[in-house]
Amino acid sequence: MLLLADRAFDSNELLADIAAQGAQFLIRATDTRRPPVLALLPDGSYLSRIGGLPLRVIEAEIHSRTVYGSDFGGTYRLLTTLTDHRTDPADHPVRLYHERWEIEITYLALRHTLLKGRVLRSKDPVGLNQEMWGLLTHYQALRSVMVTAVETMPGCDPDRAGFTVALEAARDTLVSLVGTTAVSGPSSRPDLVGHIGARVLYALLPGRRMRLSARIVKCVTSRYNIWNRDERPRNGTLITAVEITVHPPALPSAQDPSRALSGRWGQVCQLLAAHSNQAMHTRDIARHLGLPTSGHPLSSLTAQLCYWARNGRLIRTAPNTYKITLPDTLTPPPNP
């Protein structure tokens, strides 16, 4: 299962809880979050670690062109547990991230299709909790049947399966006993999934179109005209082209005084990446960086390397000996 989430849902605790459930995730990071660059991947993404959780970060600029020639876009920093760039190239998760809005279809199915617009009937917390779990179980069961049916048609997007069609077919199995006639044999059971799946495949929806619209609804009581800063169209507008540009992270340089605070990690990262086939002693690292191999500068470097090792950026193979995680599929960081 792959969970998609928008910004403000990237706290360390929430990411760890999602991963602990066994689900993969693709979540947009807030603008202020700057994950450390542990290793660059050939597609421009990079491996990182947040709160002890190994992740892959994709930084990309996305521009969408509408049928009217307007261009809308922005920069995205996505966090994902899909760390293999060979099975999931950077542009694939970026394109998939657009589908996060489909959660609105789930809300529509729960509130209007299943409940027909009525409110929950229970009047106490225990009953409300039970009723919500019943609705979610019903919804998930129908979705599972729909996906199973669509998977029998290669190349068919599960988005084309109609939830209302599946719901009416399921009701027929209860009200009219349609599709519940058992075949001969003591161990035979009614093929309810086959009946619902056949109805879904018979009434497939047309392919979903790429669209965009204003991100929020204008508040009529607001005195400030800030509801649509990027001037997106009020109604859904078709997208004719999507351009995705993945931006590899720029590592700090020792020659750049303005980035001196983060320059030490950039130097060490590049040095260990260039010698990824062997571990390096602290004195060897200091010598390559032009630092004294004794005294306070060496002690300061030793403390920094220990800190980075505790946070998962480096691997300590022996006392005062370190190595960066760089599998064969990775490439060393480019020179600034």
Side-chain angles (χ1 to χ4, degrees), residues 1-6 23-28 62-68 70 72 82 88 91-118 132 134-180 190-217 232-244:
M1 179 179 292
L2 178 64
L3 174 67
L4 307 179
D6 213 330
Q24 308 287 348
F25 61 75
L26 179 65
I27 299 177
R28 185 178 181 182
I62 307 174
H63 286 278
S64 303
R65 179 167 285 104
T66 67
V67 292
Y68 303 111
S70 303
F72 302 93
L82 303 175
D88 301 289
D91 61 317
H92 289 183
V94 174
R95 292 183 183 275
L96 182 64
Y97 184 68
H98 173 76
E99 299 186 14
R100 69 192 182 281
W101 67 268
E102 293 181 4
I103 186 63
E104 300 293 341
I105 298 177
T106 300
Y107 297 149
L108 177 68
L110 289 171
R111 291 187 301 177
H112 298 281
T113 309
L114 286 177
L115 291 175
K116 294 185 177 180
R118 63 173 175 82
M132 280 302 305
L135 288 171
L136 293 174
T137 303
H138 187 185
Y139 176 86
Q140 185 70 10
L142 287 177
R143 284 293 181 187
S144 299
V145 173
M146 294 162 61
V147 172
T148 301
V150 173
E151 285 178 345
T152 62
M153 299 181 61
C156 184
D157 196 317
D159 291 341
R160 298 185 58 189
F163 184 81
T164 303
V165 176
L167 177 62
E168 294 299 330
R171 285 172 175 164
D172 289 344
T173 63
L174 300 177
V175 178
S176 304
L177 300 181
V178 177
T180 60
D191 187 13
L192 303 181
V193 175
H195 170 68
I196 300 174
R199 291 273 294 271
V200 169
L201 294 178
Y202 179 77
L204 287 176
L205 303 175
R208 188 163 292 165
R209 300 166 296 172
M210 294 283 288
R211 297 171 295 168
L212 61 79
S213 61
R215 295 297 303 272
I216 59 176
V217 179
R232 292 187 177 213
R234 291 174 177 262
N235 301 322
T237 304
L238 293 180
I239 297 175
T240 57
V242 177
E243 181 181 351
I244 299 175

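No experiment lies behind these values; they were computed from the predicted model shown.
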(request) With rounding to the nearest 0.5 Å, note down the distance linking CZ in R199 to OG1 in T173. (result) 9.5 Å
(message) Could you check whether any side-chain heavy atom of L110 comes within less than 4.5 Å of a side-chain heavy atom of L136, counting everything from C-beta outward?
(response) yes
(request) Under the side-chain hydrogen bond (donor to acceptor under 3.5 Å, both in side chains) rule, collect the residues that match up with Q24, sequence neighbours excluded. (result) T81
(message) I'd like to check H63 versus V242 (side-chain heavy atoms, cut-off strictly below 4.5 Å). Are they in contact?
(response) no
(request) Please check if the side chain of Y97 supplies one atom and the backbone of A5 the other of a donor-acceptor pair under 3.5 Å. (result) yes
(message) Looking at R65, I want to see if its CZ is surrounded by more than 12 non-hydrogen atoms of other residues, nucleotides or ligands under 6.0 Å.
(response) no
(request) Taking all non-hydrogen atoms of both residues into account, name the closest pair between L96 and L4 and its distance. (result) O-CD1, 3.7 Å
(request) Can you tell me which residue pairs pass the side-chain hydrogen bond (donor to acceptor under 3.5 Å, both in side chains) test with a partner in residues 106-118, sequence neighbours excluded? (result) T106-Y139
(request) Given side-chain contact (heavy atoms from CB on, under 4.5 Å), test W101 with R211 step by step and report yes or no. (result) CA-CA 11 Å; W101 67 268; R211 297 171 295 168; 4.1 Å; yes
(request) List the atom of G197, the atom of A149, and the distance in Å for their closest heavy-atom pair. (result) CA-CB, 3.5 Å
(request) Working to the nearest 0.5 Å, report the span between OG of S64 and CD1 of I239. (result) 4.0 Å
(message) Can you list everything that forms a side-chain hydrogen bond (donor to acceptor under 3.5 Å, both in side chains) with R208? Sequence neighbours excluded, please.
(response) E102
(request) State, to 0.1 Å, how close C156 and V150 come at their nearest heavy-atom pair, and which atoms those are. (result) O-CG1, 3.4 Å
(message) Quick check: do L142 and H138 have side-chain heavy atoms less than 4.5 Å from each other?
(response) yes
(request) Using a 4.5 Å cut-off on heavy atoms from C-beta on, say whether the side chain of L201 contacts that of T152. (result) yes
(request) Please report the closest heavy-atom contact between D6 and I27, naming both atoms and the distance. (result) O-CG2, 3.9 Å
(message) Counting C-beta onward and ignoring hydrogens, is there a side-chain heavy-atom pair between R95 and I62 closer than 4.5 Å?
(response) no
(request) Can you measure from CG (L212) to CG (L238) and round to the nearest 0.5 angstrom? (result) 9.0 Å
Which pairs of donor and acceptor atoms, one on a side chain in residues 159-167, lie under 3.5 Å apart (sequence neighbours left out)?
residue: R160; atom: NE; partner: L205; partner atom: O; Å: 2.6
residue: R160; atom: NH2; partner: L205; partner atom: O; Å: 3.4

(message) Just to verify, what does E168 make a salt bridge (charged side-chain N to carboxylate O under 4.0 Å, His left out) with, not counting sequence neighbours?
(response) R171
(request) Mark yes or no for whether S70, through its side chain, and T66, through its backbone, hold a donor-acceptor pair below 3.5 Å. (result) no
(request) Please list, chain by chain and in numerical order, all residues satisfying side-chain hydrogen bond (donor to acceptor under 3.5 Å, both in side chains) with E243, sequence neighbours excluded. (result) none
(message) To the closest 0.5 Å, what do you measure between CG (L82) and NE2 (H92)?
(response) 12.5 Å
